[in-house]
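I have placed the structure first, in the form of structure tokens, so that the comments after it can refer back to it.
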Amino acid sequence: MNVLIITEDFRLDQYIAKPVIAAMIQSAGKTNATILVCTDPLLGGYNEATKWERISEIIDLNRGMVDLFILVVDRDGDQNRRTTLDNLEKLAKSVLGDDQSLFAEHAWQEIEVWALEGLKLPKQWRWQDVRSERDANEHYFVPYTVGRRLTDEPGGGRRTLGVEAAKKYKKIRKLCPEDVANLEERIRNWIEQ
């Protein structure tokens, strides 16, 4: 199975999305899947990542090579994003073959939270505060990378922390039922069809 991850901006998001989604796909039953991150085109933000014209372009560029497209965007506190993502999934269903699918999910609140979920957080941080913070990247992820002295690595610490977090995927899934567990369940159901 070939999986293509589409993010708002692959330049940073890929370092968390790829290892976490690879662990998710394995957990869903596909241990030999090829996981790639879409780098062409560079979408550069939520508005571009959720335009059907852009998603359609990515599907067309990868038709026949990708079985599963996974779009991941930040929720950023916007409760209406699920509706937009559902609409994109419906549009994709109308153009993809029976053996292909697109699943769209919003990371609750930012994809950096997925990495933090798999890590040991400082004792003074409450998990509920991290999870509900609209700007979790600035308030929690960046200070965490500074404390770990990872800010100079590719992705500003995301490479190391994404890999570390993915090793604790079960913890991420448990702490993130609305996004990670939900996405895994939908993918598992699709695989088993």
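Atom set for the values below is all heavy atoms of this structure, side chains included, hydrogens, waters and symmetry mates excluded. All residue numbers refer to positions in the sequence shown, counting from 1.
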Next on the checklist: Please verify the inter-ring angle class for Trp125 with Tyr144; under 30° counts as parallel, over 60° as perpendicular, anything in between as tilted.
Outcome noted: tilted

Checklist entry - Less than 4.5 Å apart, any side-chain heavy atom of Phe103 and any of Val72? => result no

Item to check | Least distance between heavy atoms, Pro19 atom then Val163 atom | outcome: CG-N, 4.0 Å

Checklist entry - Less than 4.5 Å apart, any side-chain heavy atom of Arg131 and any of Gln128? => result no

Item to check | Note: Arg82-Glu89 ion pair, threshold 4.0 Å (strictly below) | outcome: yes

Checklist entry - Has Glu192 got more than 12 heavy atoms of other residues, nucleotides or ligands less than 6.0 Å from its CD? => result yes

Checklist entry - How far apart are the C-alpha atoms of Val130 and Phe141, what are their side-chain angles, what is the distance that settles it, and do they pass the side-chain contact (heavy atoms from CB on, under 4.5 Å) test? => result CA-CA 9 Å; Val130 174; Phe141 187 80; over 6 Å; no

Item to check | Nearest non-hydrogen partners of Ala115 and Leu119, listed with the distance | outcome: O-CG, 3.2 Å

Next on the checklist: Would you say that Tyr15 contacts Ile111 through its side chain, given a criterion of any heavy-atom pair below 4.5 Å between the two side chains?
Outcome noted: no

Next on the checklist: Contact between Leu36 and Val3 at the side-chain level, heavy atoms closer than 4.5 Å - yes or no?
Outcome noted: no

Next on the checklist: More than 12 heavy atoms of other residues, nucleotides or ligands under 6.0 Å from CZ of Arg11: yes or no?
Outcome noted: no

Checklist entry - Under 3.5 Å, side chain of Arg186 to main-chain N/O of Ala104, donor-acceptor pair present? => result yes

Next on the checklist: Is any side-chain heavy atom of Val180 closer than 4.5 Å to one of Tyr169?
Outcome noted: yes

Item to check | Shared hydrophobic cluster, Val37 / Val66 (ILVMFWY, side-chain heavy atoms < 4.5 Å) | outcome: no

Next on the checklist: Closer than 4.0 angstrom, basic N to acidic O: yes or no for Glu164 and Arg159?
Outcome noted: no

Next on the checklist: Does Phe69 form a side-chain contact (heavy atoms from CB on, under 4.5 Å) with Asn62? I'd like the steps, not just the answer.
Outcome noted: CA-CA 9 Å; Phe69 297 87; Asn62 295 281; 3.9 Å; yes

Checklist entry - Just checking, is any N or O donor in the side chain of Gln14 or Thr7 under 3.5 Å from an acceptor N or O on the other one? => result no

Checklist outcome for this item: Here the pair of heavy atoms bringing Phe10 nearest to Thr39 is CE2-O, 3.4 Å

Item to check | Over 12 foreign heavy atoms within 6.0 Å of NZ, Lys171 | outcome: yes

Checklist entry - If you measure from CZ on Arg188 to CE on Met24, what distance do you get to the nearest 0.5 Å? => result 10.5 Å

Item to check | Donor-acceptor contact below 3.5 Å, side chain Ser27 vs main chain Ala23 | outcome: no

Next on the checklist: Just verifying a value: how many Å separate Ile35 CD1 and Lys30 NZ, rounded to the nearest 0.5 Å?
Outcome noted: 11.0 Å

Checklist entry - With hydrophobic residues grouped by side-chain heavy-atom distances under 4.5 Å, do Leu183 and Leu85 end up in a single group? => result no

Checklist entry - Would a hydrophobic clustering, with Ile, Leu, Val, Met, Phe, Trp and Tyr connected at side-chain separations under 4.5 Å, put Leu88 with Trp190? => result no

Checklist entry - Should Ile6 and Ile70 count as side-chain neighbours, where that means a heavy-atom distance under 4.5 Å? => result no

Item to check | Donor-acceptor contact below 3.5 Å, side chain Glu110 vs main chain Ala136 | outcome: yes

Checklist entry - At their closest point, which heavy atom of Pro143 faces which heavy atom of His139, and how far apart are they? => result CG-O, 3.5 Å

Next on the checklist: Please determine whether residues Leu150 and Val146 belong to a single hydrophobic cluster, defined as Ile, Leu, Val, Met, Phe, Trp and Tyr linked transitively by side-chain heavy-atom distances below 4.5 Å.
Outcome noted: no

Next on the checklist: Has Thr145 got a side-chain atom pairing as donor or acceptor with Val142's backbone, closer than 3.5 angstrom?
Outcome noted: yes

Next on the checklist: Counting C-beta onward and ignoring hydrogens, is there a side-chain heavy-atom pair between Val73 and Glu8 closer than 4.5 Å?
Outcome noted: yes

Checklist entry - Can you check side-chain contact (heavy atoms from CB on, under 4.5 Å) on Tyr46 and Asp9, steps first, answer last? => result CA-CA 8 Å; Tyr46 171 81; Asp9 189 334; over 6 Å; no

Checklist outcome for this item: Here the gap from Ile16 atom CD1 to Trp114 atom CH2, rounded to the nearest 0.5 Å, amounts to 9.5 Å

Checklist entry - Which heavy atom in Leu61 sits nearest to a heavy atom in Pro41, and how many Å separate them? => result CD1-CD, 4.5 Å

Checklist entry - Taking atom types as modelled and ignoring hydrogens, do the side chains of Arg158 and Asn137 form a donor-acceptor contact shorter than 3.5 angstrom? => result yes

Checklist entry - Rounded to the nearest 0.5 Å, how far apart are OG of Ser56 and CG of Leu102? => result 11.0 Å

Next on the checklist: Do the side chains of Asp179 and Arg75 get close enough for a salt bridge, i.e. N-O under 4.0 angstrom?
Outcome noted: no

Next on the checklist: Quick check for you: to the nearest 0.5 Å, what is the distance between Glu48 atom CD and Glu53 atom CD?
Outcome noted: 9.0 Å

Next on the checklist: Using only atom types and a distance under 3.5 Å, with no angle test, would you say the side chain of Arg173 pairs donor to acceptor with the backbone of Ala181?
Outcome noted: no

Item to check | Residues Asp86 and Lys90 bridged, charged N to O under 4.0 Å | outcome: no

Checklist entry - Under 4.0 Å between a Lys/Arg side-chain N and an Asp/Glu carboxylate O for Glu117 and Lys174? => result no

Next on the checklist: Any non-hydrogen side-chain atom of Thr84 less than 4.5 Å from a side-chain atom of His106?
Outcome noted: no

Checklist entry - Can you hop from Leu175 to Leu161 via hydrophobic side chains spaced under 4.5 Å? => result yes

Item to check | Over 12 non-hydrogen atoms of neighbours within 6.0 angstrom of CG in Asp152 | outcome: no

Item to check | Worked verdict on Leu68 versus Ile25 for side-chain contact (heavy atoms from CB on, under 4.5 Å) | outcome: CA-CA 10 Å; Leu68 180 59; Ile25 298 295; 4.0 Å; yes

Checklist entry - CD of Glu133 to OH of Tyr140: how many Å apart, nearest 0.5 Å? => result 6.0 Å

Checklist entry - Does Asp76 reach the main-chain N or O of Asp78 with its side chain, forming a donor-acceptor pair under 3.5 Å? => result no

Next on the checklist: Test your reading of the model: is there a side-chain donor-acceptor pair from Asn2 to the backbone of Asp67, 3.5 Å cut-off?
Outcome noted: no

Checklist entry - Any donor-acceptor pair under 3.5 Å linking the side chain of Arg81 with the backbone of Asp74? => result yes

Item to check | Heavy-atom neighbours of Asp60 CG exceed 12 at 6.0 Å | outcome: yes

